[in-house]
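Here the structure is laid out as structure tokens; the discussion comes afterwards.
Both backbone and side-chain heavy atoms feed into the values below; hydrogens, waters and symmetry mates do not.
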Amino acid sequence: MTGNQPKDPEDQALLAFLAAQRDSVLSIVAGLDEEAWHRPVVPSGWTPAGLVEHLGGAECTGSRGS
């Protein structure tokens with residue numbers, strides 16, 4: 001976590017949780033080759049690349065308070 005840190009303990013806990021989840025997802029996909037990165041892994045057709053893109057967009061939107 002970088003930048004201005006919230007003073008509220010609940011906000012700090014939430015940011016720490018989100019950072020841990022982000023690190024977990026990135027560690028899972030870090031070793032994927034290009035083919036695996038774009039291969040659907042669930043019946044809905046989601047790919048690891050699509051999931052990471054979705055999570056990044058949700059995190060960015062959530063951090064703006066939208």
Side-chain angles (χ1 to χ4, degrees):
M1 294 185 296
T2 61
N4 295 331
Q5 297 299 310
K7 291 186 170 92
D8 181 46
E10 288 183 7
D11 290 343
Q12 291 173 350
L14 176 60
L15 289 177
F17 174 78
L18 291 173
Q21 293 301 302
R22 181 187 318 107
D23 290 345
S24 178
V25 169
L26 293 177
S27 71
I28 291 168
V29 300
L32 296 178
D33 62 22
E34 190 69 20
E35 182 181 336
W37 185 245
H38 296 286
R39 181 184 314 123
V41 293
V42 293
S44 65
W46 278 80
T47 65
L51 176 64
V52 170
E53 181 179 2
H54 172 76
L55 293 173
E59 184 174 340
C60 187
T61 299
S63 69
R64 290 191 301 239
S66 300

Under a single-linkage definition using a 4.5 Å side-chain heavy-atom cutoff for Ile, Leu, Val, Met, Phe, Trp and Tyr, are Leu55 and Leu32 assigned to the same hydrophobic cluster? yes
Do Val29 and Val42 share a hydrophobic cluster, counting only Ile, Leu, Val, Met, Phe, Trp and Tyr and linking them when any side-chain heavy atoms are less than 4.5 Å apart? yes
Keeping to residues at least two apart or across chains, list the salt bridge (Lys or Arg N to Asp or Glu O under 4.0 Å) pairs with something in residues 6-16. none
Could you report the tightest heavy-atom contact between Gly45 and Pro40, atom names first, then the distance? O-CB, 3.7 Å
Which residue pairs satisfy the ring pair (Phe, Tyr, Trp, His ring centres under 6.0 Å) criterion with at least one member in residues 31-54, sequence neighbours excluded? Trp46-His54
Count the heavy atoms belonging to other residues, nucleotides or ligands that lie under 6.0 Å from CD of Glu53, then report whether that count exceeds 12. no
Criterion side chain to side chain contact (heavy atoms under 4.5 Å, CB included) against Val52, the qualifying member of Ile28, Thr47, Val25: Val25
